[in-house]
Every structure is written in structure tokens, then in C-alpha cells.
Amino acid sequence: MKGGKRESGSAGREAIAAVVSRETLGRLTIIADLLVKWQKTINLVAPATLPDLWARHVGDSLQLIHHVPQTPLRWVDLGSGGGFPGLVVAAVLAERDGAHMHLVESDTRKAAFLREAARLAQLPVSVHAARIEQVAQALAPGTHVVSARALAPLPKLLDLAAPFLAAGAIGLFPKGRDAERELTEAARSWTLDCDLRPSTSDPEARILLVRGARRGTDTIEPQSGARSLGEPEAGGGPPECDASRMKAP
């Protein structure tokens, strides 16, 4: 069984090596190796997922870069924890002039890991060891993308990301099999201009891309023939993102 886990991890790394540059792979390897080292004393990821680190965490985070424009980016990752997706995305952004990643993590030990990983891998990263509410207003202006992975259910996540979304940032939020249920709950207090996209790392997971969010269900008028997030389909079922108002990233 242990050999099988090692083979799985090797296959995940090889799959990523096929789609990123040699330099990016080198940076990702530094991050992964350091995480394995620090995991012995700090719980950075769920222990059961460590043998499949490359596919479960690195690959899952890496796919987010394909949902944003190919331009210099100011990206803010909320609740960065073990660096997913923030450090992984930063490893790619290191090849884009002018791009910068801000990692927000209130746990000082995890923040120390993030700083050390960014230093060793030479990433364009700033780490903010503070609560999201303490730094959001200062970081929001000029931010192009705000992300969070496994941080909170969508209604709470929208509260945390609201300053960034209000300032014009795109929200990228990986979600699991409960994505539609979370959208239903969020629809009680939010109207979203968003797109629910498939995940390449898990057939049951989704990536929620939010281009606009307003508190309340009547502040964004749907286009003719479209419906808002809070408006149910004929015949019932959970509300969906209004993809008809989305532009390709």
C-alpha cells in the first residue's frame, strides 16, 4: 500500500511536469518538499492527503490559473494555510512581470511556513499574518483576483471576500460536491454574477468564478431570458450561476 501511495504521488508530479515550465516545476518542488518537512510539526494539510500531495493539492490549485487573464495580476489568497492555492499560483505568476500574490493567514506558524516557502522558491509573495477582516479594506483596491480554498461555506466566504469583489476583483473559489447547496444558501442574501465550472482534479468538485456580488436578491437585473441566482428554475431545483452574463476569462 505504501508503495502504491508513492507511485500515486510520482504520477501526480509527472502530470504537472508535462504542463508547466521546468522553472515552475522547480519552484513547485521546493514548496512541496518544504511542506512535507514542516508537516511533521505543523498540520498544514490533512495527513491522509499527504501521499497524494501533487494531485490533491498542487494540481487542484494549479488549475485556477487557467480561469484568469494572461496579464500581470495582483492576486489575494484568503486563509492561505499550507499555501493552496496561493503558493502554487505564485509559482506560475513568478514568470509574469509585475504579478504579485498576497497571502492572508492569521495562524502565525502557518504564516512562517508561507514566508519560508516564498523565500526559498523566490516567489513574488507578501504574507499578511492577520485576520482577513483586518487587512481586506487595505488590500482590496487594485486587486484583480481573490481566491480561497476550503476556507468557509459560500455565504460566509462572500462576506469575507466582499471588499475585494466590490472593488472589481474576480472571485475564484474551489468547491466540493456541495457547491449547489452552498449556492442555494448564498442566494438567500446575495445576487451573484458568476459561473460554476468543472474541476479538472475531481469530477464531483466545482470552481465558482464570481464577477459580481451584491447583497440582496434584487440588486442585479437579469437580462431578457436570464434569471438571477436567487430565481429557481421551472420545476424546482437549486439556483444556478447566471452564465449568460459571463465573459470568457
Side-chain angles (χ1 to χ4, degrees), residues 1-68 75 77-94 101 103 105 107 109-118 120-121 123 125 127 147-154 157 172-182 196-209:
M1 186 65 180
K2 291 183 179 179
K5 289 183 178 180
R6 285 196 296 268
E7 291 173 4
S8 174
S10 176
R13 186 180 185 279
E14 290 176 1
I16 291 173
V19 297
V20 301
S21 69
R22 182 177 61 182
E23 292 76 16
T24 294
L25 181 64
R27 288 187 286 269
L28 292 173
T29 300
I30 291 172
I31 295 167
D33 289 348
L34 186 67
L35 185 143
V36 171
K37 179 180 178 180
W38 280 57
Q39 179 74 13
K40 297 174 183 178
T41 55
I42 301 176
N43 191 35
L44 296 170
V45 297
T49 68
L50 195 60
D52 201 22
L53 176 66
W54 280 90
R56 184 75 174 268
H57 295 293
V58 179
D60 186 58
S61 299
L62 188 64
Q63 65 177 316
L64 296 188
I65 201 71
H66 301 299
H67 295 278
V68 297
W75 189 310
D77 186 50
L78 306 178
S80 299
F84 305 110
L87 287 179
V88 173
V89 171
V92 178
L93 295 184
M101 171 66 72
L103 307 179
E105 175 52 56
D107 186 311
R109 295 186 305 164
K110 292 179 180 178
F113 162 76
L114 296 172
R115 289 194 182 98
E116 181 65 2
L120 293 176
L123 305 179
V125 161
V127 178
S147 63
R149 179 176 183 260
L151 176 61
L154 185 58
L157 182 55
L172 274 183
F173 308 126
K175 287 294 178 181
R177 64 182 66 182
D178 291 332
E180 289 187 351
R181 179 183 59 78
E182 291 191 32
L196 195 60
R197 301 181 175 184
S199 168
T200 59
S201 62
D202 183 347
E204 294 186 339
R206 297 290 183 270
I207 296 172
L208 180 64
L209 189 153

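Any value given below was found using the heavy atoms of this structure, including those in side chains, with hydrogens, waters and symmetry copies removed. Small disclaimer: the values here were computed from a predicted structure and weren't measured.
Annotation for Pro85 and Ser147: closest pair CG-OG, 3.9 Å, computed over non-hydrogen atoms. Ser80 and Glu105 make their closest contact through N-OE1, 3.5 Å (heavy atoms, listed as atom of the first residue, atom of the second, distance). For Arg149 against Phe84, the heavy-atom pair with the smallest separation is NH1-CB, 3.4 Å. The heavy-atom pair separating Glu180 from Leu196 by the smallest distance is CG-CD2, 4.4 Å. Of all non-hydrogen atoms in Leu114 and Gly82, the two that sit nearest each other are CD2-C, 4.1 Å. Taking both residues in full, the closest heavy atoms of Gly12 and Trp54 are given as C-CB, 3.7 Å, listed atom of the first, atom of the second, then distance.
The distance from atom CG of Asp77 to atom CE of Met101, rounded to the nearest 0.5 Å, is 5.5 Å. If you take CD1 on Ile207 and CG on Leu172, they are separated by 7.0 Å, rounding to the nearest 0.5 Å.
Contact of the His57 side chain with the Leu44 side chain is not registered, since no non-hydrogen atoms from C-beta on lie closer than 4.5 Å. Two residues are said to be in side-chain contact when any heavy atoms from C-beta on lie closer than 4.5 Å; Asp202 and Asp60 fail this criterion. At a threshold of 4.5 Å between non-hydrogen side-chain atoms, the residues Ile31 and Leu123 count as touching. Here the side chains of Ile65 and Leu93 are in contact, with some heavy-atom distance below 4.5 Å. No side-chain heavy atom of Leu78 sits less than 4.5 Å from a side-chain heavy atom of Phe173. Here the side chains of Leu50 and Leu35 are in contact, with some heavy-atom distance below 4.5 Å.
Side chain of Glu182 to main chain of Pro153: no donor-acceptor pair is present (N/O by atom type, distance under 3.5 Å, no hydrogens or angles). Under a 3.5 Å cut-off, the side chain of Gln63 and the backbone N or O of Ser199 do not form any donor-acceptor pair.
The closest side-chain donor-acceptor pair between Arg13 and Thr29 falls under 3.5 angstrom.
Listed by first then second residue, pairs satisfying salt bridge (charged side-chain N to carboxylate O under 4.0 Å, His left out) with a partner in residues 21-39 read Arg27-Glu95, not counting sequence neighbours. The ring-ring contact (aromatic ring centres under 6.0 Å, His included) contacts involving residues 12-35 comprise nothing, where partners must be two or more places apart or lie in separate chains. Listed by first and then second residue, the ring-ring contact (aromatic ring centres under 6.0 Å, His included) pairs involving residues 21-40 are Trp38-Phe113 (not counting sequence neighbours).
For Arg177, the salt bridge (charged side-chain N to carboxylate O under 4.0 Å, His left out) partners at least two apart in sequence or on another chain are Glu204. With sequence neighbours excluded, no residue forms a salt bridge (charged side-chain N to carboxylate O under 4.0 Å, His left out) with Lys110. In terms of the salt bridge (charged side-chain N to carboxylate O under 4.0 Å, His left out) criterion, residue partners of Glu116 (sequence neighbours excluded) are, by chain and number, Arg119.
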